[in-house]
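Sequence lines set the chain letters: A, B, ... in the order given, protein chains first and strands last, and positions in each chain run from 1. The shown structure was predicted, so the numbers you read here are calculated from the model rather than taken from an experiment.
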2 protein chains.
Amino acid sequence: MAFASASACPHCRLAELCLPYGLHHEAVAQLATAVKSQRLLQADEYVYRQGGDGLYWYAVKSGSFRSFMADSDGFEQTVGFYLPGEIMGLDALQHGRFSCSVVALETAAVCEVPVARLQELCTEIPGLQMQMMRILGKEIASDHEQIVLLGHRSAKERVATFLLMLSRRYGALGFSGTAFNLSMRRQDIANFLGLTIETVSRQLADLNRQGIIRIRQRNVEISDLALLTLIVESCALWRSA
Amino acid sequence: MAFASASACPHCRLAELCLPYGLHHEAVAQLATAVKSQRLLQADEYVYRQGGDGLYWYAVKSGSFRSFMADSDGFEQTVGFYLPGEIMGLDALQHGRFSCSVVALETAAVCEVPVARLQELCTEIPGLQMQMMRILGKEIASDHEQIVLLGHRSAKERVATFLLMLSRRYGALGFSGTAFNLSMRRQDIANFLGLTIETVSRQLADLNRQGIIRIRQRNVEISDLALLTLIVESCALWRSA
DNA sequence: CGTGACTTTGATCAACTTCAAGCTACGTGG
DNA sequence: CCACGTAGCTTGAAGTTGATCAAAGTCACG
């Protein structure tokens with residue numbers, strides 16, 4: 001009966017995209033009892049820090065986030081962005097300490113779920129274990145995509161892929177897949193894609209000039225989704241003309 | 001009593017590095033019953049193929065492997081290498097289909113474990129679930145490292161990091177961390193590091209010339225581990241002179 | 001000894017970075 | 001309300017790194 005607020009899992013509009021996906025009604029209610037609390041965050045506020053105890057998973061309730069690793073010389077690499085319904089904190093599973101830091105890109109909210117409690121619940125809720133594995137599998141799959149992107153793609157392909165990735169994810173959330181606002185700075189995008197801000201800016205300007213997208217500051221509109229997809233798939237044809 | 005061969009988990013010299021790590025003696029015996037079979041592979045033989053049913057996890061018993069993804073235009077990206085004690089097949093957890101292919105780099109052997117059976121055993125073997133999560137966490141952590149590598153590092157740093165990574169992993173297996181044979185071709189290394197074979201070859205030649213390593217074909221000897229580590233940590237100082 | 005796969009080395013070239021300057025949006029205080 | 005300051009973004013020119021192209025060298029194996 002605890003946490004029977006309108007925002008708890010059974011009534012959460014993100015349930016089908018989040019941890020409860022595929023679980024029975026009662027199971028979802030049971031899962032909801034594990035959610036310790038919700039937490040509101042301002043832009044630039046940390047959800048957790050690299051090296052901290054990985055005791056919780058964090059489900060994105062609203063807003064968006066950036067995860068990044070700092071290496072020995074203090075240089076940061078953005079590892080991923082998180083949108084509502086996605087789970088953060090999986091990177092602590094190996095040793096119990098977060099290997100990334102995560103900050104909010106805008107005003108946002110997360111649901112904190114103790115990992116230990118989730119693991120206990122696995123024995124009680126059929127399908128939960130499967131679901132946790134699926135979430136981990138999704139993280140692995142998206143990391144692999146990122147590796148392919150960074151390994152072999154030109155600047156133009158990287159930027160196009162980035163826009164398509166956001167388009168797909170916003171679409172899955174029920175938002176427009178062709179018009180949205182970027183919650184991250186150019187610096188974050190560049191860093192994520194292994195490029196410099198200047199290169200990102202130029203590639204976006206090119207796509208704009210070609211009429212494939214319309215971009216003004218952080219506002220993006222994809223005018224020709226098919227063409228954008230083509231850029232990703234057939235590299236050589238689209239060298240900046 | 002099934003599979004009570006000398007190579008089954010309780011007697012396997014890799015147990016402490018593999019799935020059984022941290023489990024009680026009886027638990028290991030129980031786990032061993034889940035191992036469907038061992039499979040021997042020749043060089044270039046596939047363990048599994050991208051798109052195939054992800055019904056098994058594969059523990060590397062001996063030899064080494066390369067996993068790679070082919071994208072829409074048929075281009076391959078090497079995602080990782082696997083050494084004894086490591087688990088392959090985790091990339092199928094999301095949708096039940098492998099997102100990578102894995103081939104043996106040399107004569108090798110794997111233990112096949114049905115994922116479904118593993119999940120059942122989680123309720124019976126305390127700690128197994130935790131261990132599976134830890135293995136997934138390790139995969140995520142290593143993918144993140146790879147993302148950092150591909151995102152920001154110069155050719156020299158990438159090659160140095162690659163050598164150090166192998167050194168660490170061979171060391172953990174009880175082999176020499178300073179002298180080993182590369183089981184992969186230059187092409188595989190280059191592809192993994194997001195470089196060309198020529199660049200890899202030149203960087204290795206440079207390191208050789210500087211006396212930091214001694215390399216002849218696939219035989220590597222790391223003469224100055226500290227210096228190699230320094231290259232990775234303080235990039236700018238070591239531009240090829 | 002010869003063939004083919006793999007690797008090394010050299011010369012040239014292009015993509016992306018770096019450096020530098022100007023622009024836009026936005027918030028704050030006079 | 002506007003001027004000013006700052007953070008973020010764009011654009012241009014020059015510089016480097018690593019890619020590409022080309023050729024020769026090495027090794028394994030029949």
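Minimum heavy-atom separation, B/F192 to B/Q77: O-NE2, 3.8 Å. Here the closest non-hydrogen pair linking A/L83 and A/S64 is CD2-CB, 3.8 Å. In this structure, A/Y48 and A/G89 approach most closely via the heavy-atom pair OH-N, 3.0 Å.
The base of D/dG8 has none of its N or O atoms less than 3.5 Å from a complementary donor or acceptor on the side chain of A/R218. Scanning atom types as modelled, no donor and acceptor separated by under 3.5 angstrom connect the side chain of A/R209 and the base of D/dT11.
The separation between A/Q217 atom CD and D/dG8 atom C1' is 8 Å, rounded to whole Å. Atom CG of B/D188 and atom P of C/dC6 are 9 Å apart (whole Å). Straight-line distance from the CD atom of A/Q187 to the C1' atom of C/dT17: 13 Å, rounded to whole Å. Atom CD1 in B/I215 sits about 14 Å away from atom C1' in D/dT26, given to the nearest Å. Atom-to-atom, NE2 of A/H152 to C1' of C/dA15 comes out at 17 Å; the value is rounded to the nearest Å. Per the geometry, CZ belonging to A/R185 stands 19 Å off P belonging to C/dA25, to the nearest Å. If you measure from atom CZ of B/R153 to atom P of C/dC16, you get 21 Å, rounded to the nearest angstrom. Across the protein-nucleic acid pair, A/I213 atom CD1 and D/dT10 atom P stand 10 Å apart, rounded to whole Å.
Side-chain contact between A/L204 and A/F162 is absent, with no heavy-atom pair separated by less than 4.5 Å.
Put simply, B/R186 has no side-chain N or O that comes within less than 4.0 Å of OP1 or OP2 on C/dC6.
Take the nearest nucleotide of DNA chain C for B/R202 and for B/M184: the residue whose nucleotide is more 5' is B/M184.
For B/F180 and B/F175, the ring centers are positioned 6.0 Å apart or more.
A salt bridge does not link B/E45 to B/R39: none of the charged side-chain nitrogens sits closer than 4.0 Å to a carboxylate oxygen.
Applying a 4.0 Å cut-off to non-hydrogen atoms, the residues of residues 189-199 of chain B that approach DNA chain C are B/E198, listed by residue number.
Taking the six-membered ring where tryptophan is involved, the planes of B/F75 and A/H152 are perpendicular, since the angle between them exceeds 60° and thus also 30°.
Of the candidates C/dC6, C/dC16, D/dG18, the closest approach to any side-chain atom of B/Q203 belongs to D/dG18.
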